[in-house]
Amino acid sequence: MSIQQLVRPNIQALLPYSSARDEFTGNGEVFLDANENPFETEVNRYPDPYQRAIKEKLAPIKGVSPSQIFLGNGSDEAIDLIIRIFCEPGQDQIIISDPSYGMYQVSAGINNIEVIKVPLTENFEFSAKEMLGAVQDKTKVAFLCSPNNPSGNSLDTSEVEEFIKSFQGIVVVDEAYIDFASTPSFTDKLDTFPNLIVMQTFSKAWGMAGLRLGMAYASEEIISLFNKVKPPYNINTLTQKAALEALNNEAKVKQEIQIILEQREWLKEQLSAISITEKIFPSDSNFLLVKFQDAKGLFDFLIEKEIIVRDRRKVRFGENCLRITVGTADENKKLITAIKTYQK
Ligand SMILES: *Cc1c(COP(=O)(O)O)cnc(C)c1O
């Protein structure tokens with residue numbers, strides 16, 4: 001399979017915008033090339049369009065080369081660009097597991113791309129065979145989410161690998177929650193599978209959802225397609241600065257992850273001792289999908305107590321399920337105390 005054959009013809013033919021900062025790299029002293037205001041503030045200059053400093057730091061952490069990284073305005077931007085690079089509106093399709101993260105479908109809808117949904121099992125397990133069986137001629141991109149949102153579990157690695165091997169299109173593995181998982185990242189497999197894109201984000205474990213910074217890792221060939229299509233200055237100066245600071249302080253994030261994992265186990269124990277809890281689904285992430293006897297009643301009660309969890313009763317196999325993010329020890333105690341009050 002050739003990647004170029006999967007790319008939309010208009011994107012193949014596109015001559016990308018060339019910015020002032022594209023056309024000059026090196027050591028300038030006087031910058032009169034970009035019509036900026038010359039009076040110095042933190043943000044009077046355009047940012048680095050390729051975020052080189054961040055990629056230099058991130059690459060060794062992730063075991064990839066800087067040329068295998070795309071940075072976007074949240075994972076949302078990566079999802080949208082992937083669809084726009086590979087899927088012809090009104091003609092091509094994406095394929096996704098169900099239930100899964102809602103943005104794949106929304107982004108496909110905005111781009112007038114049909115979505116094929118393949119159910120996971122009732123325990124939210126993924127089968128390569130099931131999904132391959134649902135693929136059609138015009139299915140260009142598959143989105144798999146592992147650990148999966150909203151169920152929390154990692155998809156079986158060998159099933160995912162089998163799918164990537166057999167599918168004749170692009171496979172996106174969304175690893176937004178990988179830092180909480182016991183399974184290794186698929187970034188290790190980028191050199192094995194030329195059709196693989198791995199997405200991660202600064203929004204969850206890295207603690208910077210407000211920054212809007214997502215990563216996609218792929219072959220240099222695919223990353224150059226992202227660079228061709230993205231808005232030239234898609235990551236602003238302040239975001240780049242904050243991300244660099246965070247990358248210089250990785251130890252702090254690792255510590256926080258450890259605390260969140262301990263708290264996840266504590267929450268699991270506490271919830272399983274509560275009689276209205278019917279089932280706690282296995283989690284490799286920073287949240288728990290929990291089935292209760294009366295999820296709607298509990299959900300409303302918690303809102304009265306100003307504790308907000310996510311109602312997931314309407315997703316496939318999510319009957320009577322609430323999705324609970326692991327908070328601080330104090331927040332988690334408040335939640336458990338409130339649930340105990342409700343059940344009395
Ligand atoms: C939270 C989440 C993201 C993160 O999206 P951002 O736009 O980077 O904040 C991506 N994928 C999944 C499955 C998520 O749950």
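Remember, it's 1-based here, ligands and their atoms both numbered in the order they're listed.
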For this session: Just jot down the salt bridge (charged side-chain N to carboxylate O under 4.0 Å, His left out) partners of D300, sequence neighbours excluded, or say none.
Result: K296

Exercise. Taking S100 as the fixed residue, which of S146, C145, S151, P150 is the one that meets the side chain to side chain contact (heavy atoms under 4.5 Å, CB included) rule?
Worked result: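 Only match with S100 under side chain to side chain contact (heavy atoms under 4.5 Å, CB included): C145.
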
For this session: For a side chain to side chain contact (heavy atoms under 4.5 Å, CB included) with Y104, tell me which candidate from D174, V172, I82 qualifies.
Result: D174

Ligand 1 atoms in contact with [X] (distance to a heavy atom under 4.0 Å):
X: A176; result: 2 (C), 3 (C), 10 (C), 11 (N), 12 (C), 14 (C)
X: D76; result: 7 (O)
X: C145; result: 13 (C)
X: Y177; result: 1 (C), 14 (C), 15 (O)
X: G74; result: 7 (O), 8 (O)

Problem set entry | For atom 7 (O) of ligand 1, the protein heavy atom that lies nearest, with its residue and separation | R212 NH2, 2.6 Å

Seminar exercise, completed: min-distance protein heavy atom vs atom 11 (N) of ligand 1 -> D174 OD2, 2.7 Å

For this session: Have a look at ligand 1 and work out which part of S75, if any, has a heavy atom under 4.0 Å from it: side chain, backbone, both or neither.
Result: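 It is both backbone and side chain that touch ligand 1.
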
For this session: Find out whether I223 and S67 are in side-chain contact, i.e. whether some heavy atom of one side chain is under 4.5 Å from a heavy atom of the other.
Result: no

Exercise. Is it true that E256 and K252 make a salt bridge, defined as a side-chain N closer than 4.0 Å to a carboxylate O?
Worked result: yes

Exercise. Is E114 salt-bridged to K138, cutoff N-O under 4.0 Å?
Worked result: no

For this session: Consider every N or O of S203 and every N or O of ligand 1, then say whether any pair is closer than 3.5 Å.
Result: yes

Exercise. Between K204, M103, Q200, which one has a non-hydrogen atom sitting closest to atom 3 (C) of ligand 1?
Worked result: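 The residue whose heavy atom sits nearest atom 3 (C) of ligand 1 is K204.
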
Exercise. Among the heavy atoms of A209, does any lie under 4.0 Å from an atom of ligand 1?
Worked result: no

Exercise. How are the rings of F124 and F317 set to each other: parallel, tilted or perpendicular (split at 30° and 60°)?
Worked result: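 The arrangement is perpendicular - the two ring planes meet at more than 60°.
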
Exercise. For the ring pair Y177 and F287, is the centre-to-centre distance below 6.0 Å?
Worked result: yes

